[in-house]
Amino acid sequence: MAKHRKDPFGALLSGLTAGGWTLYALLLILFHYGRPEQQYGYMRYLEVEVRTGWLTLPALWFHLGVWGALGLAVTTLTLVHLKGRRQSQYLKTYLAMLAATAVLTLLLFYFYPV
C-alpha cells in the first residue's frame with residue numbers, strides 16, 4: 001500500500017477557501033447591523049423612530065470586506081487552477097460559488113433601496 005504524501009500547498013488552498021467563506025459569513029452579520037432598519041406598520045403606528053440610512057463604519061467594513069473576499073476567491077481560484085491536480089478540483093466549485101455570491105452581494109449593496 002502506497003503512503004500518501006502531505007501536500008502543504010493544497011492544505012493552504014483549502015484553508016484559504018474556508019477562510020473566504022468564514023469572512024463572507026461574518027460580513028453578512030455586518031450587513032445585517034449596518035443596513036437601514038425596516039419600518040413596519042406597527043412601528044409606524046407607535047411612532048417609533050427608525051434609522052433610514054446606513055451606519056457608516058459597518059457599511060465601509062462590509063464594502064471593503066466583500067471586495068476582499070472577492071479578491072481572495074479569485075486569487076485562490078487562480079492558484080488552484082495553476083496547481084492543476086485532480087484532487088483539488090473541488091475547490092474550484094467552492095471558490096466560484098464564493099466569487100458569484102460576493103458579486104451578487106456587491107450588486108445588492110449598490111442597488112439596495114433606501
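With hydrophobic clusters built from ILVMFWY side chains whose heavy atoms lie under 4.5 angstrom apart, Leu107 does not share a cluster with Leu60. Leu57 and Leu64 end up in different hydrophobic clusters when Ile, Leu, Val, Met, Phe, Trp and Tyr side chains are linked at under 4.5 Å.
In this structure the side chain of Phe62 reaches within 4.5 angstrom of the side chain of Thr105, judged on heavy atoms. The closest side-chain heavy-atom distance from Leu108 to Phe31 is below 4.5 Å.
Trp67 pairs by the side chain to side chain contact (heavy atoms under 4.5 Å, CB included) definition with His63, Leu70, Leu106, Tyr110, not counting sequence neighbours. Applying the side chain to side chain contact (heavy atoms under 4.5 Å, CB included) test to Leu46 and every residue at least two apart in sequence or in another chain returns Tyr42, Val48. Looking at residues two or more places apart in sequence or on another chain, you find no salt bridge (charged side-chain N to carboxylate O under 4.0 Å, His left out) involving Lys92. In terms of the side chain to side chain donor-acceptor pair (under 3.5 Å) criterion, Tyr45 has no residue partners (sequence neighbours excluded).
Other members of the hydrophobic cluster containing Ile29, listed by chain and number, are Leu26, Tyr33; membership follows side-chain contacts under 4.5 Å among ILVMFWY residues, whether direct or relayed. Clustering of Ile, Leu, Val, Met, Phe, Trp and Tyr by side-chain heavy atoms under 4.5 Å joins Tyr24 with Phe9, Leu12, Leu13, Leu16, Trp21, Leu28, Leu72, Leu77, Leu79, Val80, Tyr90, Leu91, Tyr94, Leu95, Met97, Leu98.
The aromatic rings of Phe109 and Trp54 sit perpendicular, their planes meeting at an angle over 60°, well past the 30° parallel limit.
Applying the salt bridge (charged side-chain N to carboxylate O under 4.0 Å, His left out) rule to pairs touching residues 56-84 yields Asp7-Lys83, sequence neighbours excluded.
A distance-only check finds no donor-acceptor pair linking the side chain of Arg35 to the backbone of Leu55 [under 3.5 Å].
Here the closest heavy-atom approach between residue Pro58 and residue Gly34 is recorded as CB-CA, 3.9 Å.
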